[in-house]
Amino acid sequence: MTNTAGLVEIRWHGRGGQGAVTSAELLAQAAINEGKYAQAFPAFGAERRGAPVVAFVRIDSDNPIRVRAEIDEPDVVVVLASDLLRVVNVSSGLKADGILVINTPKTADEIIKEFHYKWALATVDATRIARETLGVPIVNTAMVGALLKAAEVTKLDSLIEPLKHRFGRLADKNINAMQKAYEGTTVRGKSN
Amino acid sequence: MTQRVGIEVSRAVAIAAKLANVDVVAAYPITPQTHIVEDLSEMVASGELDASYIPVESEHSAMSSCLGSVAVGARTFTATSSQGMELMHEVLYVASGMRLPVVMAVANRALSAPISIWGDHSDVMSVRDTGWIQIFVTNGQEAFDNILCAFRIGEDRRALLPVMIHLDGFQLTHVIEPIYLEEQGDVDRFLPRFEYPLPLDPDKPVTMGAFGPPDIYTEVKKAQDVVLTSSKEVILEAWKEFGDIFGRYYSPIQCYRCEGAKVLLMTMGSFSETAMSAVDAMRDDGHAVGLLNLRLWRPFPFAEIRQAVKDADVLVVFDRALSFGGPGGPVCSEVRSALYSLDKRPKVVGFVGGLGGRVVSIAGFREIIERGTRIASEGTEQEFEMFGVRE
Amino acid sequence: MTESEGKPTWQQIEIGAIITEPGSARQYQTGDWRTQRPTYVHERCIKCGLCSIYCPEGCIEPNEEGYFEADLFYCKGCGICARECWTKAINMVEEE
Ligand code: SF4
Ligand code: SF4
């Protein structure tokens with residue numbers, strides 16, 4: 001389990017339109033509602049649907065966050081689409097004791113065999129969960145649940161308010177998706 | 001009740017304009033615009049804000065509409081950025097020359113060419129001499145607070161000047177962070193109703209924007225300069241009262257860990273917070289360094305700067321804009337000339353960096369302070385140095 | 001100093017150089033500029049008013065009998081009215 005005291009830096013990888021930026025925003029809002037300091041922002045630049053996108057979250061339980069640069073050395077990397085693993089070096093700069101959270105139907109062992117990751121790894125079939133709970137394969141809220149299983153940077157309950165605010169009448173389905181993904185996430189420790 | 005909310009800074013700026021109960025928003029909603037005017041247009045459309053939203057056909061028209069709106073005595077707000085502000089350039093002078101207190105949020109970004117949508121202060125410096133009150137903000141809270149202050153300052157009878165609030169593009173405009181959103185009642189207490197003393201009024205006709213032939217133009221410009229310079233009093237007063245009501249106090253220059261500092265770094269905007277972390281790290285290592293965060297850009301705070309640097313040996317100024325073929329950074333060159341007449345003054349060393357979205361890290365600022373100190377003792381032929389450029 | 005006599009100092013300039021006296025442009029005697037003046041052959045005038053529309057000073061109005069004539073306080077002698085009048089009812093003559 002990743003250290004969640006002090007400053008935690010989280011990088012989200014997705015594709016334009018998948019909602020990585022929304023995930024980042026919701027998480028930061030939940031942390032701020034808990035009285036913590038937090039920051040969320042997209043990779044600075046033009047937005048293009050379908051293109052690989054990155055979003056960032058910093059959470060600090062004690063101190064205001066003064067750094068505003070993009071996160072090069074994250075504690076946690078969340079990947080919304082596993083096909084990105086082949087396209088983008090998602091683990092770039094990931095701290096040695098960091099963790100990768102990946103949306104994939106595969107097991108952690110299969111992923112490690114294929115990509116030789118040396119970090120702790122959390123896997124979840126968020127696409128399936130999203131289809132079952134939302135009826136569409138939009139995994140942004142599910143992946144927030146997966147992240148919280150892998151690294152408890154905020155309480156799961158703290159997301160409920162931001163989700164309600166954001167999704168209105170679709171909130172309950174999204175809360176369900178998040179909770180299902182939280183339960184369905186398998187965390188595997190760091191491999192030697 | 002005051003709420004601590006996780007919100008994108010642009011959206012908080014829109015809320016500040018709403019709390020100020022603006023009457024008119026005129027803007028041209030295209031890249032590089034932000035959520036600021038987008039949110040305001042939604043608030044007007046939904047009836048949440050009782051105002052006119054004028055979707056004009058260009059930034060030039062946006063500012064022109066704002067002038068007409070203030071001229072009839074309406075509280076007026078707009079937002080722009082980089083190229084957009086360049087297109088409204090000529091009208092900016094008209095706003096200040098006619099003494100029409102528009103409030104404008106500027107998402108600071110680089111200017112083309114090459115095309116860049118990323119942040120720096122090229123756009124700020126291109127409008128330096130337009131006669132507007134100009135304030136840099138360091139974070140989202142300062143952006144929210146200073147939009148409220150801007151109306152109070154600009155619309156004060158002793159000022160009646162347009163005000164720009166400069167907030168860094170992306171680093172501030174696109175970031176969600178905790179911001180205290182204040183209550184309507186308190187805002188109303190802080191912000192009196194706007195009453196323009198000589199509005200356009202069919203019952204009491206006046207002529208605005210008339211010819212200024214050579215026998216009058218100089219006097220008009222002198223009056224304009226005096227009022228901009230003396231608006232500092234109004235600004236200080238507004239900041240003081242804002243602090244008394246809301247508990248957050250602002251000053252033309254924020255001196256961060258300057259006690260006993262022999263070496264001072266001056267920065268502006270969101271980079272100042274990164275620079276503070278560099279100062280903390282160096283202080284921890286026993287170096288007597290401090291940071292001057294420049295907030296008030298116009299009117300230029302001569303007295304405060306002279307006071308702040310009086311015990312320092314070295315002042316390193318970091319600019320995010322470049323005066324091509326000139327003295328380097330515009331802020332540095334103004335600071336240098338502000339100190340020139342003093343008998344005892346620090347050596348001033350200028351750096352230019354952070355252009356077009358280039359990040360300067362904590363380590364980067366440390367390097368700037370250290371290198372600046374070395375240049376100050378060894379001397380240099382160069383007017384300034386570009387930081388972080390590949391050679 | 002005689003040059004600046006009666007002219008405002010910078011302290012006396014109104015906010016934004018606003019002119020508070022309505023219609024002060026009326027005091028401007030553009031008639032001073034004139035080297036030629038319009039004269040009229042009323043027999044030819046059909047009172048169409050075209051001259052008054054074209055006059056850049058807007059200083060042509062019908063007199064008591066309905067004939068269009070220039071107010072010489074403002075008429076700057078440009079001759080546009082004479083050129084545009086289709087019945088040739090206006091002739092420009094040199095000012096003495
Ligand atoms: S244009 Fe000629 S005809 Fe017509 S009103 Fe004038 S002077 Fe008379
Ligand atoms: S001469 Fe020119 S200014 Fe005079 S009345 Fe004719 S058109 Fe008007």
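Chain naming here is simple, since letters A, B, ... match the order of the sequence lines and numbering starts at 1 in each. As a basis for the values below, the full set of heavy atoms in this structure was taken, side chains included, without hydrogen atoms, waters or symmetry mates.
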(request) Determine whether B:Ile216 and C:Ile13 make a side-chain contact, defined as any pair of heavy atoms from C-beta on separated by less than 4.5 Å. (result) yes
(request) Give a yes or no on whether C:Tyr54 atom OH has more than 12 heavy-atom contacts from other residues, nucleotides or ligands under 6.0 Å away. (result) no
(message) Counting only heavy atoms from other residues, nucleotides and ligands, does the tally under 6.0 Å from CG of B:Asp215 exceed 12?
(response) yes
(request) Look at atom CZ of B:Arg157 and say whether more than 12 heavy atoms of other residues, nucleotides or ligands are closer to it than 6.0 Å. (result) yes
(message) Can you tell me if C:Glu84 has over 12 outside heavy atoms packed within less than 6.0 Å of its CD?
(response) yes
(request) Answer yes or no: are there more than 12 heavy-atom neighbours, outside B:Tyr93 itself, under 6.0 Å from its atom OH? (result) yes
(request) Measure distances from C:Gln12 to the heavy atoms of chain B and classify the residue's part below 4.5 Å as side chain, backbone, both or neither. (result) neither
(request) Name the region of C:Thr9, side chain, backbone, both or neither, that has any atom closer than 4.5 Å to a heavy atom of chain B. (result) backbone
(request) Hey, could you give me the CG/CD1 distance between B:Leu160 and C:Ile15, rounded to the nearest 0.5 Å? (result) 5.5 Å
(message) Please classify the contact between B:Tyr196 and chain C as side chain, backbone, both or neither, with a heavy-atom cut-off of under 4.5 Å.
(response) side chain
(message) Using every non-hydrogen atom in the two residues, find where B:Glu219 and C:Trp10 come nearest and quote the distance to one decimal.
(response) O-CB, 3.3 Å
(request) Considering non-hydrogen atoms only, spot the tightest contact between B:Pro205 and C:Pro22 and give its length. (result) O-CG, 3.6 Å
(request) Examine whether an atom of B:Val226 lies under 4.5 Å from a heavy atom of chain C, and if so say whether it belongs to the side chain, the backbone or both; otherwise answer neither. (result) side chain
(message) If I measure from the heavy atoms of chain B, does C:Ile19 come under 4.5 Å with its side chain, its backbone, both, or neither?
(response) both
(request) Please check if atom CZ in C:Arg83 has more than 12 non-hydrogen atoms from other residues, nucleotides or ligands closer than 6.0 Å. (result) no
